[in-house]
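Since we're looking at a predicted model, the values are computed, not measured.
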Amino acid sequence: MGRFKLMLLAVMAAAMAGCTSVPETVPDSPEQNGTRFPQVAEAFDRRDYAVIEPLLSGELREQLTPDNFTKLVDGLEQNGKLVKAEYLTQLRHPAAGSELWKLTFSRENAEGEAVVTDKLLRIMYGTLDGRPQIIGLMAQ
């Protein structure tokens with residue numbers, strides 16, 4: 001699991017290093033921003049890189065290849081099946097915006113009891129080449 005976290009941090013750092021332009025103001029809510037998370041959740045749930053690929057910046061697309069995406073999903077699925085995704089808040093930063101989401105996973109243990117695990121997902125975004133793009137993903 002340590003390699004998984006390092007890979008995510010490396011993807012995020014590489015994406016942030018190449019930002020060329022971002023909006024001067026960040027909307028107050030995901031509804032105003034047109035949150036990207038529903039497509040991200042769909043991509044994770046379906047294990048389908050093609051769903052998330054159009055949302056990624058060019059530099060993040062180079063780092064988050066289909067193989068790396070599969071590793072990312074495999075790492076998250078160690079927690080069980082994604083049963084809920086809940087928007088928490090937006091973080092403002094002059095260089096890029098971030099949405100924080102709580103992901104709830106569930107699986108059964110050997111005794112058949114539900115084991116629930118929550119993870120935090122940070123989706124970093126900005127406007128690059130005139131269109132909104134995801135410039136980083138980090139789960140912890």
Exercise. So, do Glu99 and Thr89 sit near enough that their side-chain heavy atoms are less than 4.5 Å apart?
Worked result: no
Exercise. If we only count heavy atoms from C-beta on, is the Tyr49 to Leu56 side-chain gap below 4.5 Å?
Worked result: yes
Exercise. Mind checking whether Tyr87 and Trp101 have parallel, tilted or perpendicular rings, split at 30° and 60°?
Worked result: perpendicular
Problem set entry | With Glu108 via salt bridge (Lys or Arg N to Asp or Glu O under 4.0 Å) - residues at least two apart | none
Exercise. Hey, does the side chain of Arg107 reach the backbone of Val115 with a donor-acceptor pair shorter than 3.5 angstrom?
Worked result: no
Seminar exercise, completed: The residue among Leu64, Ile135, Ile134, Asp129 that forms side-chain contact (heavy atoms from CB on, under 4.5 Å) with Ser57 is Ile135
Problem set entry | Validation row: Phe105, Val83 side chains within 4.5 angstrom (heavy atoms) | no
Exercise. Heavy atoms, side chains only, cut-off 4.5 Å: are Thr70 and Arg47 in contact?
Worked result: yes
For this session: Measure across Ala85 and Leu103 and return the closest heavy-atom pair with its distance rounded to 0.1 Å.
Result: CB-CD2, 4.0 Å
Exercise. What are the two closest heavy atoms between Asp45 and Lys81, and how far apart are they?
Worked result: OD1-NZ, 3.6 Å
Exercise. So do the side chains of Asn79 and Val116 get within less than 4.5 Å of each other, counting heavy atoms only?
Worked result: no
For this session: Report the C-alpha separation of Glu53 and Arg61 in whole Å, then their side-chain angles, then the decisive distance to 0.1 Å, and conclude whether the salt bridge (charged side-chain N to carboxylate O under 4.0 Å, His left out) test is met.
Result: CA-CA 7 Å; Glu53 190 269 338; Arg61 195 175 299 123; 2.6 Å; yes
Exercise. Can you tell if the side chain of Leu72 reaches within under 4.5 Å of the side chain of Phe44, non-hydrogen atoms only?
Worked result: yes
Exercise. Any side-chain heavy atom of Val51 within less than 4.5 Å of one from Arg46?
Worked result: yes
